[in-house]
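Here is the structure we will look at, set down as structure tokens.
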Amino acid sequence: MATTLAKAESAESVEYAARIEHVSKSFAGPAGQQLVLDDITVDVAPGEFVTLLGASGCGKSTLLNLVAGLDKPSSGRITTDGRPALMFQEHALFPWLTAGKNIELALKLGGVAKSERRGRAEELLELVRLKGSYGKRVHELSGGMRQRVALARALAQESRLLLMDEPFAALDAITRDVLHDELTRIWKETGVSVLFVTHNVREAVRLAQRVILLSSRPGRVAREWTVGIPQPRRIEDAPVAELSLEITEVLRGEIRRHGQH
Ligand SMILES: Nc1ncnc2c1ncn2[C@@H]1O[C@H](COP(=O)(O)OP(=O)(O)OP(=O)(O)O)[C@@H](O)[C@H]1O
Ligand SMILES: [Mg+2]
């Protein structure tokens, strides 16, 4: 991936944030090789917000990990515009560091000079609306606040692509709703490209410009929808509900077809 990465960065203009071309992935299982992802082709344009939607176990995290470069495809090719930043369901913050120091660590790893780190960390905390929480330790923060810090830390990496794996799944509905608004705002403000994984149809429609539905066993691109509903959207808006129903029907068909649940 290093060489393709360098190629993407040196290109005069990069027309994609991520390019997933004919990617398949198998894992060794008790019954031999298990095909988890089968011939996935997806592009994410610069500044685009794409959600990957699918039933539990269909291979969403596997695909995101491949895009992150944490694992290699069995076949096919993935290129990204620079190194992506990652955010998971679990905040993965260092509990012995304060919110601010967690962000500063990411800045340090990104080569930001020591003298600039504090100021930049404060700015990022402000961006996720946590001004004044610099000195708070992780255990002093609510679940929603932790995910805000995790988002600020991911943004500290200055990546052009943000990979998010069900980052709000563990939050209550109201906190999740607020964070949807925040993420939409931050996405617009920063121009970052987002590839967001979820099994929640409404969340996918609430956030995305494009929803890509993966089938199960093996994961394939089943269908894709362009979401033209203007932002800001609310999860309870009629057009969001309508499209969610349509997608849920297709998802149900996929699940039935593959004998799951
Ligand atoms: N390292 C691994 N070794 C073997 N099998 C794996 C490995 N990682 C994932 N799998 C298998 O690949 C399939 C897809 O898993 P994955 O975690 O990508 O699904 P998912 O869509 O993210 O599910 P969920 O919505 O529950 O998070 C599962 O059957 C899982 O057991
Ligand atoms: Mg997963």
Side-chain angles (χ1 to χ4, degrees), residues 1 18-42 44 49-78 80 84-93 143 146-147 150-151 154 161-173 175-176 179-180 183 194-208 210-225 235 244 247-261:
M1 189 156 151
R19 173 159 280 179
I20 302 165
E21 296 170 278
H22 302 291
V23 163
S24 296
K25 180 71 181 172
S26 304
F27 291 110
Q33 289 286 312
Q34 183 204 355
L35 182 64
V36 170
L37 295 172
D38 185 21
D39 196 22
I40 306 269
T41 294
V42 171
V44 180
F49 198 126
V50 175
T51 53
L52 272 179
L53 177 69
S56 185
C58 77
K60 303 181 295 296
S61 296
T62 301
L63 184 57
L64 215 67
N65 289 343
L66 294 176
V67 178
L70 299 175
D71 199 357
K72 286 192 163 54
S74 305
S75 62
R77 205 166 79 121
I78 295 180
T80 55
L86 257 175
M87 188 179 160
F88 303 102
Q89 182 172 339
E90 296 301 325
H91 56 77
L93 298 170
R146 288 175 194 176
Q147 289 309 78
L151 177 57
L161 175 64
L162 181 56
L163 305 174
M164 307 183 87
D165 194 351
E166 312 213 31
F168 309 138
L171 303 175
D172 65 84
T175 306
R176 191 160 56 220
L179 282 168
H180 286 159
L183 179 59
V194 183
L195 185 56
F196 186 106
V197 156
T198 182
H199 58 244
N200 182 322
V201 182
R202 283 206 175 208
E203 178 172 62
V205 174
R206 158 70 186 83
L207 292 170
R210 200 147 56 90
V211 175
I212 293 171
L213 178 66
L214 290 186
S215 64
S216 300
R217 298 177 189 193
R220 293 191 180 117
V221 175
R223 274 272 282 280
E224 127 170 18
W225 288 263
I235 212 154
S244 299
I247 295 177
T248 302
E249 273 311 302
V250 178
L251 180 58
R252 268 208 199 109
E254 281 299 322
I255 292 171
R256 241 183 265 125
R257 204 137 58 91
H258 295 276
Q260 276 198 327
H261 305 278

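When a ligand or atom number is given, it counts from 1 through the structure's own listing order. Below, each value reflects all heavy atoms present in this structure, side chains not excepted, and no hydrogens, waters or symmetry copies.
The main-chain N or O of L53 is never found under 3.5 Å from a side-chain atom of T198 such that the two would form a donor-acceptor pair. Judged purely by atom type and a 3.5 angstrom limit, E90 has no side-chain atom pairing as donor or acceptor with the backbone of P167. Side chain of K60 to backbone of F196: no donor-acceptor contact under 3.5 angstrom is found.
Ionic pairing of E203 and R206 is not present here: no N-O contact between side-chain nitrogen and carboxylate oxygen is shorter than 4.0 angstrom.
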>> Using the rule given for side chain to side chain contact (heavy atoms under 4.5 Å, CB included), can you reason through V197 versus L195, listing the C-alpha separation, both sets of side-chain angles and the distance that settles it, and then say yes or no?
In response: CA-CA 7 Å; V197 156; L195 185 56; 5.7 Å; no

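By the criterion of a separation under 2.8 Å, the protein N/O/S atoms near the Mg ion (ligand 2) amount to S61 OG.
Contacts of H199 classified as ring-ring contact (aromatic ring centres under 6.0 Å, His included), with partners at least two apart in sequence or in another chain: none.
Counting non-hydrogen atoms of neighbouring residues, nucleotides and ligands closer than 6.0 angstrom, the CD atom of E224 exceeds 12 such neighbours.
Nearest heavy-atom pair, P218 versus L35, reported as atom, atom and distance to 0.1 Å: CB-O, 3.5 Å.
Protein residues having at least one heavy atom under 4.0 Å from any atom of ligand 1 are F27, Q34, V36, A55, S56, G57, C58, G59, K60, S61, T62, E166, H199, listed by chain and number.
For residues 24-35, every residue pair satisfying the side-chain hydrogen bond (donor to acceptor under 3.5 Å, both in side chains) rule, not counting sequence neighbours, is listed here: K25-D71.
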